[in-house]
Amino acid sequence: MTRQSPSFGRVDQIMVEERAATFTKRSIKTESKLQGLRLAFSMLDLTTLEGRDTPGKVMTLCHKAMHPAPERYGVGPVAAVCVYPKLVPAAKAFLRGSTVKVAAVATYFPSGQSSMKTKMEDTRVALQAGADEIDMVIDRAAFLRGEYGRVHDEIAAVKELCGDVHLKVILETGELITYDNVRAASMVAMQAGADFIKTSTGKVSPAATLPVTLVMLDAIREFFFATGRRIGMKPAGGIRTAKQALQYLVMVNETLGDDWLTPDMFRLGASTLANDILLQIAKSVDGRYQSGDYFSLP
Amino acid sequence: MSKKRPAKKTAFTTGVAVLAPPTHGELIPQRDRVLRFGGRWNYSPAPEVHTDVKVHPRYELFIGGKFVKPSSGKYFPSINPATEKQLSEVALGNAADVDRAVKAARRAYEKTWGKMPGRERAKYLFRIARLLQEKIRDLAVLESLDGGKTIRESRNIDLPLVAAHFFYHAGWADKLDYAFPGRKPQPLGVAGQIIPWNFPLLMAAWKLAPALACGNTCVLKPAETTSITAMHLAEILAEADLPEGVVNIVTGFGDTGAAIVNHPDIDKLAFTGSTEVGKLIAKSVAGTRKKLTLELGGKAANIICEDAPIDQAIEGIIQGIYFNQGHVCCAGSRLFVQESVVEPVIRRLRNRLNVLRVGDPLDKNTDIGAINSRQQLDKIREMVDSGKKEGAELFQPACRLPSKGYYYAPSFFTGVTDSHRIAQEEIFGPVLSVMTFRTPEEALERANNTPYGLSAGVWTDKGSKVFKLATKLRAGVVWAETYNKFDPASPFGGYKESGFGREGGKQGLLAYLRLG
């Protein structure tokens with residue numbers, strides 16, 4: 001395939017970073033803070049993606065996902081747990097009867113460096129085990145070579161396989177070099193059938209950042225006005241503190257607004273973040289900080 | 001709803017428009033494609049705590065290093081525009097007070113400051129800068145209380161720039177001999193300086209710092225609606241042990257300013273304010289030995305080309321016109337948008353205005369604070385009315401303004417032509433006029449078709465186009481891919497009726513030096 005140069009719109013690096021920084025300047029206090037923290041918690045994709053994951057580890061995670069904190073803190077379950085395909089059956093079993101969804105990473109996560117056949121097979125395993133959502137990775141090598149058509153067709157094929165199952169497309173923005181590329185990749189992914197676009201695998205640094213997320217939210221808005229489809233957004237990796245989570249919420253609140261401020265349309269991929277949010281909620285409710293030991297490890 | 005979709009194995013061609021629309025997800029019909037804001041999550045009030053910041057019940061004049069009563073014995077109220085309540089009262093200086101101030105300045109020039117080596121003057125300026133930096137928060141609160149600007153801007157933009165100006169010029173004080181090779185720069189003497197109300201402390205810094213660095217002494221008059229922070233600056237000057245009479249501050253109205261302009265013993269006048277008053281000053285000074293620099297009004301063009309990064313250009317438009325409630329002489333008040341991107345720009349602008357937060361200047365989340373005075377609010381309303389009468393279409397977001405205080409919702413007009421008053425006259429408020437153009441050459445011609453020439457903005461992804469436009473725009477400052485950026489090292493000033501002389505940078509020193 002020859003190199004294409006589609007006009008996806010351009011991004012100015014300095015201004016987008018400046019704009020992203022303004023969202024960190026909002027002062028979120030009292031009632032709005034507590035409300036925001038609870039909302040952020042309900043948007044979590046509680047994640048474990050390690051070679052050493054076992055059904056036991058997944059059980060711990062699933063229990064935390066369903067029953068995160070004592071009732072008086074008013075914290076509901078998270079949106080989903082995110083695991084490798086092999087652990088989907090365990091997660092499904094533990095989460096039976098709850099609202100928590102099971103998301104599986106697929107398509108030779110995290111590198112995507114395998115044949116299309118293998119990637120499809122990987123996805124099929126996850127689907128057959130009952131995954132509610134698939135988090136696929138794009139072929140960054142193809143994208144950077146300018147083979148947008150190949151990237152598009154891979155996503156379209158995976159989406160076809162997924163059918164009704166929600167597809168999140170991971171761009172791995174840490175490898176895409178420029179904001180222009182992030183915008184182009186977002187457009188290709190949405191066009192090809194992504195239900196969500198997601199920043200990162202969590203295996204590459206930098207993972208999610210505010211400016212990258214802003215570029216993707218801008219792309220989602222553009223796509224919405226052009227096609228009438230609402231695509232979801234999931235920043236993942238590197239979001240560790242409740243304060244950061246609120247900054248992301250502020251950004252969604254002031255760019256895409258109410259219709260995206262729900263767990264259906266916005267997710268935060270994280271693991272350690274959960275306990276920091278719980279700690280801050282407990283502080284808001286009780287008026288004092290607890291020791292971290294009062295919260296079970298995810 | 002059917003989620004079944006055929007595999008779309010089309011080769012990717014050129015951008016979104018030519019591809020088949022996706023079939024996943026709910027399809028929102030065209031008319032319902034709107035963004036909604038503020039319905040799910042609202043921010044609680046986050047007021048800056050300011051009980052520790054003391055506003056004096058009364059402010060005197062600062063003459064000869066002392067705080068003295070005005071010879072008239074009269075004081076005038078200073079209003080907090082966010083509440084319409086009296087904040088304090090300020091001494092009404094008259095011609096006699098100005099004369100006292102000029103005499104004190106002359107004495108200081110001859111006895112101490114004019115003879116002092118540059119490296120010694122620098123020490124005072126560095127000391128003032130450090131003291132300012134230490135008091136940034138308090139001064140920011142006072143600036144917001146007195147002028148209505150948001151604490152976000154006074155604390156993050158105004159005050160850091162104030163300190164930066166003193167630091168920068170402190171660095172020049174002992175290097176003047178090397179700044180202009182082959183010349184021997186000498187101070188001018190006593191400088192009379194009259195400043196506006198939009199950036200009270202920052203304008204004081206723009207005037208005082210270079211004048212002092214170059215060895216001049218000063219008589220400064222702040223604007224009548226925003227005198228308070230200048231008097232707190234006077235306290236800092238005293239705390240820095242600045243020799244008496246080097247800086248004198250006389251508060252009052254236009255008459256007080258006129259007394260400075262017409263005082264025979266003034267060597268140099270610097271004025272920032274309206275073009276109307278600037279012209280009067282130029283007439284008064286004509287035929288005298290007084291040197292003059294003027295920084296006056298503007299009606300800047302902000303040009304958005306079709307190849308611009310649109311989402312970021314929107315931020316530039318917002319910064320350009322809604323910064324400081326639009327009370328900015330270099331505000332990008334005429335927006336020129338290339339035909340092919342008008343629809344997406346207007347749509348984004350509407351959405352962006354819907355998330356601007358208007359209200360209490362001391363709330364840390366406020367984006368747009370109070371209009372500086374009742375008089376200015378009336379002027380903005382009058383201009384907006386004229387725009388409506390002349391047939392332009394007004395957009396204002398659905399924001400609720402506080403019931404007390406001088407507030408105006410951020411606004412923009414579409415359907416504006418070059419001959420509308422709102423496209424020609426300076427509004428000095430949060431009101432933008434949007435116009436369209438077909439070719440960059442046309443934009444250039446219309447951008448330059450104004451009596452003003454203070455600033456301009458250019459938005460395009462093409463570097464060559466930036467340079468092509470920037471070199472032909474008749475404006476003192478041209479921002480590319482940004483707007484309203486200030487730095488003490490960067491000279492600022494106008495073309496045509498936006499004034500003459502530069503402030504900041506090496507060029508700015510020339511306003512306060514005689515090159516021997």
Side-chain angles (χ1 to χ4, degrees), chain A residues 1 4-12 14-16 18-19 25-33 35-36 39 148-149 151-153 156-157 159-160 163-164 167 187-188 190-195 215 218 221-231 249 253-259 261-262, chain B residues 3-30 32-33 35-46 48 152 156 307-316 319 344 347-348 351-352 354-355 363-365 459 461 481-482:
Chain A
M1 172 156 296
Q4 309 279 354
S5 56
S7 57
F8 295 109
R10 295 290 167 192
V11 182
D12 183 77
I14 290 170
M15 280 301 278
V16 83
E18 217 172 86
R19 172 67 175 141
K25 303 271 158 52
R26 290 297 191 209
S27 177
I28 306 300
K29 300 280 179 220
T30 59
E31 224 6 77
S32 60
K33 183 175 177 185
Q35 203 191 342
L39 186 60
Y148 302 126
V151 175
H152 172 275
D153 292 348
K159 179 60 193 172
E160 192 185 8
D164 280 354
L167 178 65
M187 289 297 187
V188 171
M190 290 188 286
Q191 196 65 56
D195 296 294
V215 169
D218 283 342
R221 180 177 50 203
E222 239 1 70
F223 191 77
F224 169 64
F225 282 109
T227 67
R229 313 270 172 186
R230 290 198 182 101
I231 307 297
L249 279 200
N253 196 31
E254 298 189 25
T255 52
L256 293 176
D258 299 347
D259 292 317
L261 214 54
T262 80
Chain B
K3 294 263 178 87
K4 205 89 182 114
R5 65 189 306 283
K8 211 68 193 143
K9 298 233 174 192
T10 58
F12 213 81
T13 52
T14 51
V16 174
V18 299
L19 289 167
T23 54
H24 59 289
E26 190 191 351
L27 182 74
I28 314 292
Q30 191 85 46
D32 294 335
R33 285 176 204 170
L35 301 179
R36 286 167 274 263
F37 296 101
R40 264 187 219 279
W41 186 38
N42 260 308
Y43 310 148
S44 307
E48 175 78 30
R152 191 172 66 92
N156 298 335
D307 52 5
I310 301 287
D311 288 308
Q312 286 74 51
I314 296 296
E315 294 312 311
Q319 269 181 27
R347 175 190 9 104
R348 282 171 168 89
N351 283 324
R352 188 68 179 82
N354 273 315
V355 292
D363 190 304
K364 284 176 262 188
N365 290 330
W459 295 82
D461 215 35
E481 310 292 287
T482 188

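Residue numbering restarts at 1 for every chain, and letters A, B, ... go by the order of the sequence lines.
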Honestly, the part of B/Asn42 sitting under 4.5 Å from a heavy atom of chain A is backbone
Using non-hydrogen atoms only, which part of A/Leu249 is less than 4.5 Å away from chain B: side chain, backbone, both, or neither?
-> both
With a 4.5 angstrom heavy-atom cut-off, could you sort out which part of A/Arg19 is near chain B: side chain, backbone, both or neither?
-> side chain
Taking the six-membered ring of A/Phe225 as reference, does the NZ or CZ atom of B/Arg347 fall below 6.0 Å from its centre and within a 45° cone about the axis?
-> yes
If I take atom [atom1] from residue [X] and atom [atom2] from residue [Y], how far apart are they, to the nearest 0.5 angstrom?
| X | Y | atom1 | atom2 | value |
| --- | --- | --- | --- | --- |
| A/Arg229 | B/Leu27 | CZ | CG | 4.5 Å |
| A/Thr255 | B/Leu35 | OG1 | CG | 8.5 Å |
| A/Leu261 | B/Arg40 | CG | CZ | 6.5 Å |
| B/Gln30 | A/Thr227 | CD | OG1 | 10.0 Å |
| B/Ile314 | A/Asp218 | CD1 | CG | 10.0 Å |

Check whether any side-chain heavy atom of A/Glu222 lies under 4.5 Å from a side-chain heavy atom of B/Arg348, and answer yes or no.
-> yes
Is there side-chain contact between A/Ile28 and B/Tyr43, with at least one heavy-atom pair below 4.5 Å?
-> yes
For the side chain to side chain contact (heavy atoms under 4.5 Å, CB included) test, which of A/Met15, A/Arg10, A/Arg221 pairs with B/Asp311?
-> A/Arg221
Examine distances only and state if a side-chain atom of B/Gln312 and a backbone atom of A/Asp12 form a donor-acceptor pair shorter than 3.5 Å.
-> yes
Mark yes or no for whether A/Ser27, through its side chain, and B/Asn365, through its backbone, hold a donor-acceptor pair below 3.5 Å.
-> no
Can you see which heavy atom on B/Arg33 is nearest to which on A/Gly228, and at what distance?
-> NE-CA, 3.2 Å
Most contacts with chain B, counted as non-hydrogen pairs under 4.5 angstrom, among A/Val11, A/Thr30, A/Ile14 | A/Val11
A/Glu254, A/Gln35, A/Arg26: which one forms the most heavy-atom pairs within less than 4.5 Å of chain B?
-> A/Arg26
